[in-house]
Amino acid sequence: MNEIIFMLGDWPVRTIDALIGFGALVLILLAVIAVVIARSGRRGAELAMASAIRADELEERLAQVLHAQSEASGRVDAMTQALAGRQAEMARAVNERLDSVTHRVGQSMEHSTRNTMESLRALHERLGIIDSAHKNLTDLTTQVTTLRDVLANKQSRGAFGQARMEAIVQDGLPKGSYEFQFTLSTGKRPDCVVFLPDQRPLCIDAKFPLEAMTALHDARTDEEKRLATQRLRGDVMKHVSDIAEKYLVTGETQEMALMFVPSESVYAEIHDGFDDVIQKAYRARVVLVSPSLLMLAIQVMQQIMKDARMRDAADQIQTEVIKLGDDLGRLRDRVLKLQKHFADANEDVRQILISADKIEKRAGRIEELDFSKTDAPEGPRLVSGAAELFPRKLQAGE
């Protein structure tokens, strides 16, 4: 009954208000009618009848209006109930939609949170890797700086080349087959000598023409490159001449010496860009080697020493082989003796089985009290398991 039927301006008109207004209107009409009747009382009896008739009509109309009002109230109630049902359905649908949206939003937020946490964890791992790489890079930078400082000094650079050569030689050759800072009869002392089978040492000297190579790399103009090329060619040929003059002693050392360049890149630059220097070094009986080539040369020297030791021990090896043949002959004789023992044991077992078979037959006749039969020579009857124990005689050489 409190539902709004319509709006009158800004004033909402409800069902109860409409009923009250309608009742008030009826009362006003009745009052007006009463006033009219009172005023017209002087008209006479004829008007009274007309008034009564009008009153009856008004009452009838009022009853019709009340009936229409009741019908309108019923319709309003039905409409109110229908609206309430639809409003409830709409509220339920809205709640379900809100629950669904809330569930989806929750799942989306949970998924986003999980992805965010995984991304953060991966980011922390990457940051840890970056920190480790940065630390390694810092350490590498320090080592490179230290190495650059070492290589900037000639004495330090020479010590670096000699240390690398010593490491390669020590890893590839046995002790006693080489010596560092060996003194020749001329008083010269190469960085390393390797004693080959003919006892003539092979001299190895470490040289590192880094300054000239650096100048060649830093050259920008053609003139600077030309001057750096001449400097590098001159430095390398001076090292080759010094090695050939100091460490190639006729009748004492090998006819060839090795110049060790402790940098693969420097050696490759010299070998690729200065072929004339390499050829001159060959003619001077000096071979330029890089760390990898020195390792290969050391392996070849080791194989040469091994072959020489094999040749020196050839007589001893032949003697040991002859002794091994004698031991093999004695082993064959002892095996043949053992085979004969096995054959004798097999014959003894056969004779024992023959006797056991005779005893078994005699025991059977005694049990049957039959003494009329005489013993006849029969072959041996092997008991169960004997054939498996001695399947056949061993043959010579088995």
(request) Test side chain to side chain contact (heavy atoms under 4.5 Å, CB included) on Val287 and Met256 and set out the steps. (result) CA-CA 7 Å; Val287 179; Met256 183 172 292; 3.1 Å; yes
(request) Given salt bridge (charged side-chain N to carboxylate O under 4.0 Å, His left out), test Asp326 with Arg330 step by step and report yes or no. (result) CA-CA 6 Å; Asp326 296 339; Arg330 284 191 293 270; 5.4 Å; no
Backbone N or O of [Y] within a donor-acceptor pair of the [X] side chain at under 3.5 Å?
X	Y	answer
Ser70	His67	yes
Gln181	Cys192	no
Asn95	Ala91	yes
Ser177	Leu173	no
Glu264	Ser290	no

Are [X] and [Y] joined in one hydrophobic group, where the rule is that I, L, V, M, F, W and Y side chains link up if heavy atoms are under 4.5 Å apart?
X	Y	result
Leu98	Met90	yes
Leu296	Met301	no
Met109	Val101	yes
Leu248	Val240	no
Ile270	Tyr282	yes

Do the charged groups of [X] and [Y] touch, with an N to O distance under 4.0 Å?
X	Y	answer
Lys337	Asp333	no
Asp99	Arg97	no
Glu347	Arg350	yes

(request) Determine whether the side chains of Glu166 and Gln162 contain a donor N or O and an acceptor N or O closer than 3.5 Å. (result) yes
(message) Distance alone, cut at 3.5 Å: any donor-acceptor contact between the side chains of Asn115 and His111?
(response) yes
(request) Carefully, step by step, assess Ile204 and Val289 under the rule side chain to side chain contact (heavy atoms under 4.5 Å, CB included). (result) CA-CA 10 Å; Ile204 306 174; Val289 293; 5.7 Å; no
(message) Atom CD of residue position Glu118 - does it have more than 12 heavy atoms of other residues, nucleotides or ligands inside 6.0 Å?
(response) yes
(message) Would you say CD of Glu223 has more than 12 non-hydrogen atoms from neighbouring residues, nucleotides or ligands within 6.0 angstrom?
(response) yes
(message) Let's go through Met237 and Val277 carefully: what are the C-alpha distance in whole Å and the side-chain angles of both, what is the deciding distance for side chain to side chain contact (heavy atoms under 4.5 Å, CB included) to 0.1 Å, and is it a yes or a no?
(response) CA-CA 7 Å; Met237 288 308 303; Val277 174; 3.8 Å; yes
(request) Go through the steps for His239 and Met259 under the test side chain to side chain contact (heavy atoms under 4.5 Å, CB included), then give the verdict. (result) CA-CA 8 Å; His239 293 322; Met259 174 179 166; 3.7 Å; yes
(request) Decide salt bridge (charged side-chain N to carboxylate O under 4.0 Å, His left out) for Lys323 and Asp327; before the verdict, give the C-alpha distance in whole Å, the side-chain angles of both, and the deciding distance to 0.1 Å. (result) CA-CA 6 Å; Lys323 291 180 180 180; Asp327 292 339; over 6 Å; no
(message) Quick one, Arg233 with Asp276, criterion salt bridge (charged side-chain N to carboxylate O under 4.0 Å, His left out). Give me CA distance, side-chain angles, the key distance, then yes/no.
(response) CA-CA 9 Å; Arg233 183 178 283 105; Asp276 57 333; 3.0 Å; yes
(request) Assess the pair Phe182 and Phe195: is the distance between their ring centroids shorter than 6.0 Å? (result) yes
